[in-house]
Peer 1: 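Below: one structure in structure tokens.
Every chain is numbered from 1, with letters handed out A, B, ... down the list of sequences.
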2 protein chains.
Amino acid sequence: MTTQSLTRNQGLVFDVLSHAGSPLSAYSILDKLRDDGFRAPLQVYRALDKLLEFGLVHRLESINAFVACAHPDEGCHAHGLTAFTICETCGQVTEFHDHMIEDRLKGFAKDRNFKTGKTTIEIRGTCAGCA
Amino acid sequence: MTTQSLTRNQGLVFDVLSHAGSPLSAYSILDKLRDDGFRAPLQVYRALDKLLEFGLVHRLESINAFVACAHPDEGCHAHGLTAFTICETCGQVTEFHDHMIEDRLKGFAKDRNFKTGKTTIEIRGTCAGCA
DNA sequence: CAATTGATGTAATAACATTACATTCACATT
DNA sequence: AATGTGAATGTAATGTTATTACATCAATTG
Ligand SMILES: [Zn+2]
Ligand SMILES: [Zn+2]
Ligand SMILES: [Zn+2]
Ligand SMILES: [Zn+2]
């Protein structure tokens with residue numbers, strides 16, 4: 001998936017997220033796109049659904065917000081697991097992968113015959129700059 | 001914190017969660033407590049805040065719902081980290097601790113001078129019984 | 001040119017959570 | 001017993017996040 005093949009709405013939403021320094025809620029994305037003709041939440045949610053599907057965007061479950069993927073070309077999407085630190089002061093989000101954690105969680109699930117779907121790992125706290 | 005010292009509202013909310021076989025939203029708790037005099041969401045949210053503080057209840061961020069702690073006497077609350085599997089079919093929640101994962105996340109945070117607050121680990125999927 | 005499929009526009013509503021303010025209760029101090 | 005204090009409660013209103021329903025438009029294809 002390249003950013004080329006996005007539709008107009010998808011491209012606009014992705015662009016807003018890419019240039020934001022911190023996670024944005026669907027409604028704040030909507031506000032930023034009023035001048036581009038956005039009128040309703042659904043326009044944002046539909047675009048976000050696709051961007052999530054393409055692996056260009058992540059949803060942060062613990063704060064109901066969205067961020068552009070930090071490295072969409074590395075198959076971030078293909079990895080089952082992406083973890084995040086989220087600074088509660090400045091909103092800075094850092095995205096990382098950890099195979100040991102991934103294996104450990106896989107092992108736990110396998111031991112219990114639990115079929116793993118989407119996994120969320122989010123650390124909220126204070127980044128170095130805000131400490 | 002014993003279940004003795006809970007206030008009436010806290011006790012009612014805890015009781016509902018304890019007897020539910022799956023996570024409940026704040027509003028479904030409210031519905032179950034109408035007959036006990038509950039009228040407004042805030043009555044539920046206030047009780048939940050305290051129960052979370054006491055470590056008797058966990059919030060599942062990825063599904064906006066709450067569960068009673070599976071082992072409140074083991075200092076679950078004291079541990080920094082509790083992880084969950086959540087069956088999307090039947091709602092079964094399993095709670096577990098993993099020191100290796102905890103250490104790994106701590107290490108990652110420390111390396112980046114990120115001061116860790118609340119950490120969320122939730123695996124959504126399908127439990128053995130629902131497979 | 002249908003027919004199909006994916007995307008869009010719009011309104012309405014549902015689901016989740018907080019703010020504000022008045023009141024009551026538990027309990028310690030006088 | 002009266003008073004003062006902080007925690008808990010009752011209630012209404014509002015704010016925030018997400019989905020349902022339905023009509024329309026655009027690209028693709030047989
Ligand atoms: Zn990513
Ligand atoms: Zn920060
Ligand atoms: Zn627990
Ligand atoms: Zn199940």
Peer 1: Does a donor on one side chain sit under 3.5 Å from an acceptor on the other, for B:H97 and B:E102?
Peer 2: no
Peer 1: Distance check needed: D:dT19 P versus A:L48 CG, whole Å only.
Peer 2: 11 Å
Peer 1: Within the structure, does a side-chain N or O atom of B:N64 lie under 4.0 Å from either OP1 or OP2 of C:dA15?
Peer 2: no
Peer 1: Among D:dA12, D:dA21, D:dA18, find the nucleotide with the atom closest to the side chain of A:L42.
Peer 2: D:dA21
Peer 1: Ignoring hydrogens and geometry, is there a side-chain-to-backbone donor-acceptor pair from B:S18 to B:F14 under 3.5 Å?
Peer 2: yes
Peer 1: Could you check whether A:Y27 and the base of D:dT16 form a stacked pair, meaning centres closer than 5.5 Å and planes differing by less than 30°?
Peer 2: no
Peer 1: Between the base of C:dG6 and the side chain of A:R46, is there a donor and acceptor pair under 3.5 angstrom?
Peer 2: no
Peer 1: What is the distance, rounded to the nearest whole Å, between atom CD of B:Q10 and atom P of C:dC25?
Peer 2: 16 Å
Peer 1: Knowing that exactly one of B:T116, B:T119, B:T120 qualifies, which makes a side-chain hydrogen bond (donor to acceptor under 3.5 Å, both in side chains) with A:R124?
Peer 2: B:T120
Peer 1: Please compare B:K50 and A:P41 by the position of their nearest nucleotide in DNA chain D and report the one closer to 5'.
Peer 2: B:K50
Peer 1: Counting only side-chain N and O atoms of A:T7, is one of them less than 4.0 Å from OP1 or OP2 of C:dT8?
Peer 2: yes
Peer 1: Does the side chain of A:Q43 get closer than 4.0 angstrom to OP1 or OP2 of C:dT8 through an N or O atom?
Peer 2: no
Peer 1: Between P on D:dT16 and CD1 on A:I29, what's the gap in Å once rounded to a whole number?
Peer 2: 16 Å
Peer 1: Whole angstroms only, please: what is the CG-P distance between B:L30 and C:dA15?
Peer 2: 13 Å
Peer 1: Please give, in whole Å, the distance from D:dA27 C1' to A:R8 CZ?
Peer 2: 18 Å
Peer 1: Measure from the side chain of B:N9, starting at C-beta and using heavy atoms only, and say which of D:dT9, C:dA17, D:dA8 lies closest.
Peer 2: D:dT9
Peer 1: Within this structure, what is the CZ-to-P distance between A:F38 and C:dG9, rounded to whole angstrom?
Peer 2: 7 Å
Peer 1: Should B:R59 be listed as having a side-chain N or O under 4.0 Å from OP1 or OP2 of C:dA17?
Peer 2: yes
Peer 1: Among D:dA8, C:dT10, D:dT17, which nucleotide has an atom closest to any side-chain atom of A:S25?
Peer 2: D:dT17
Peer 1: With respect to the side chain of A:Y45, which nucleotide from D:dG10, C:dA17, D:dA18 is positioned closest?
Peer 2: D:dA18
Peer 1: What nucleotide, of C:dA17, D:dA18, C:dA20, holds the atom closest to the side chain of B:F66?
Peer 2: C:dA17
Peer 1: Round to the nearest Å and state the distance from B:R39 atom CZ to D:dA13 atom C1'.
Peer 2: 17 Å
Peer 1: Output the rounded distance in Å from CG (A:D36) to P (C:dG9).
Peer 2: 11 Å
Peer 1: With respect to A:H58, which candidate in A:F84, A:F66, A:F96 satisfies the ring pair (Phe, Tyr, Trp, His ring centres under 6.0 Å) definition?
Peer 2: A:F84
Peer 1: Does the ring of B:F108 carry B:R112 above it, NZ/CZ under 6.0 angstrom from centre and within 45° of its axis?
Peer 2: yes
